[in-house]
Protein chains: 2
Amino acid sequence: MAAPTSDCAQFNVYNQGCPARLVLDHLGDKWALLVLDRLRDGPVRFNTIRRDINGVSQKVLSQVLKRLERDGMVARTAFPTVPVTVEYALTELGTTLTARVGPLLHWAEDNMTQIRAAQSAYDERLASAA
Amino acid sequence: MAAPTSDCAQFNVYNQGCPARLVLDHLGDKWALLVLDRLRDGPVRFNTIRRDINGVSQKVLSQVLKRLERDGMVARTAFPTVPVTVEYALTELGTTLTARVGPLLHWAEDNMTQIRAAQSAYDERLASAA
DNA sequence: CCGAATCCTTGACGATACTG
DNA sequence: CAGTATCGTCAAGGATTCGG
């Protein structure tokens, strides 16, 4: 067995030291990617994100943003207005990550047809077997 | 608001037509990436994967493989020996996906230190606030 | 306006046992 | 060897309510 792309301590995903999980945990997150993508053009306010990303709850968006902030992907700025105004923006780290994710999404778009075809063929085989 | 990398139907992640989800669902999967990575060198048998990926149960590995097969990432080949021998291998689609994920993992490795630093700084700020 | 706190449902995952 | 079937646990996510 050759060396894997990212070691991950003998493939033990439970190992918190695995660097890949640091990023993958965000990718796996149902919303994080959409949030990052929404911030690509510059700072956005909380409720603007909430409105634009259809289906996310306040609680979850709050969690996601907090986590992205903790990981240094997003910067939170609160303006002492009344009522409070809060803006979220990509940090440099977050910007480079978002840039790397782009190609992956493009790959998904480019190969969507193939994936769907594979799924259909698979399902059809199942149906004919039954 | 400019066009996002992947449209996702006005950011509605629930929309199954979103091409990104087709791939992201796999990335979010706790094991799929490890499986894909394990297959990079060529066909591998079920129990070999199971042994090499520490911590995965038969059930889940079975599920993951079936899903990867359905999505056209992995090809399953059963040899009519006694007892049965089954091999899993990356398809061309799976190979290109695995190739695209690599850079992302490298990014994670390269920036792991920064991420950890951000986390520490964040946690420290929380502690001093308390 | 921006969130925190609470309750609740759902489904992912693991352990175990069994089959062709 | 390569799975399927069943059960139990547990945490993520949604709905709602309250606070600064």
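Since the structure is predicted, the reported quantities are computational estimates derived from the model, not experimental observations. Chain A is the first sequence line, chain B the second, and so forth, proteins listed ahead of strands; every chain is numbered from 1.
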Shortest non-hydrogen contact between [X] and [Y], atoms and distance:
{"X": "B/Arg21", "Y": "A/Trp31", "result": "NH2-N, 4.5 Å"}
{"X": "B/Val23", "Y": "A/Ile115", "result": "CG2-CD1, 4.4 Å"}
{"X": "A/Leu27", "Y": "B/Leu24", "result": "O-CG, 4.4 Å"}
{"X": "B/Leu22", "Y": "B/His26", "result": "O-CD2, 3.5 Å"}

Q.
Side chain of A/Val60, heavy atoms from C-beta onward: which of C/dC2, D/dG14, C/dG14 has the nearest atom to it?
A.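 Closest of the options to the side chain of A/Val60: D/dG14.
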(Q) Has A/Thr91 got a side-chain atom pairing as donor or acceptor with A/Gly72's backbone, closer than 3.5 angstrom? (A)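 The answer is yes, because a donor-acceptor pair under 3.5 Å joins these two groups.
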Q. Hey, does B/Arg50 reach any base, or is it just sugar-phosphate, or nothing, if we go heavy atoms under 4.0 Å?
A.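 No contact.
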Q. Under 4.0 angstrom, heavy atoms only, what part of the nucleic acid is A/Tyr88 near: base, sugar-phosphate, or nothing?
A.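 If one applies the 4.0 Å heavy-atom cut-off, A/Tyr88 turns out to touch the sugar-phosphate alone, with no base involved.
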Q) On a plain distance test, is the side chain of A/Lys59 in donor-acceptor contact with the base of D/dG13 below 3.5 Å? A)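 Check passes, donor-acceptor contact within cut-off.
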Tell me the interatomic distance from [X], atom [atom1], to [N], atom [atom2], rounded to whole angstroms.
{"X": "A/Leu61", "N": "C/dC2", "atom1": "CG", "atom2": "P", "result": "10 Å"}
{"X": "B/Gln58", "N": "D/dT6", "atom1": "CD", "atom2": "P", "result": "16 Å"}
{"X": "B/Arg76", "N": "D/dG3", "atom1": "CZ", "atom2": "C1'", "result": "8 Å"}
{"X": "B/Leu27", "N": "C/dA12", "atom1": "CG", "atom2": "P", "result": "16 Å"}
{"X": "B/Asp29", "N": "D/dA12", "atom1": "CG", "atom2": "P", "result": "16 Å"}
{"X": "A/Glu87", "N": "C/dC2", "atom1": "CD", "atom2": "P", "result": "10 Å"}
{"X": "A/Asn47", "N": "C/dA4", "atom1": "CG", "atom2": "P", "result": "13 Å"}
{"X": "B/Ile53", "N": "C/dC13", "atom1": "CD1", "atom2": "C1'", "result": "15 Å"}

**Q.** Residues in contact with DNA chain C, drawn from residues 62-70 of chain A - heavy-atom cutoff 4.0 Å
**A.**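 By residue number: A/Ser62, A/Lys66.
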Q: For B/Arg45 and for A/Val84, find the nucleotide of DNA chain D with the closest heavy atom, then tell me which residue's nucleotide is more 5'.
A: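 Nearest-nucleotide comparison on DNA chain D picks B/Arg45.
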**Q.** Test applied, side-chain contact (heavy atoms from CB on, under 4.5 Å); reference residue, A/Met73; option that passes from A/Leu65, A/Thr96, A/Leu93
**A.**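 Looking at A/Leu65, A/Thr96, A/Leu93, the match for A/Met73 under the side-chain contact (heavy atoms from CB on, under 4.5 Å) is A/Leu93.
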Q: Compare all side-chain heavy atoms of A/Thr77 with those of A/Val86 and state whether any distance is below 4.5 angstrom.
A: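 They are not in contact (no side-chain heavy atoms under 4.5 Å apart), so the answer is no.
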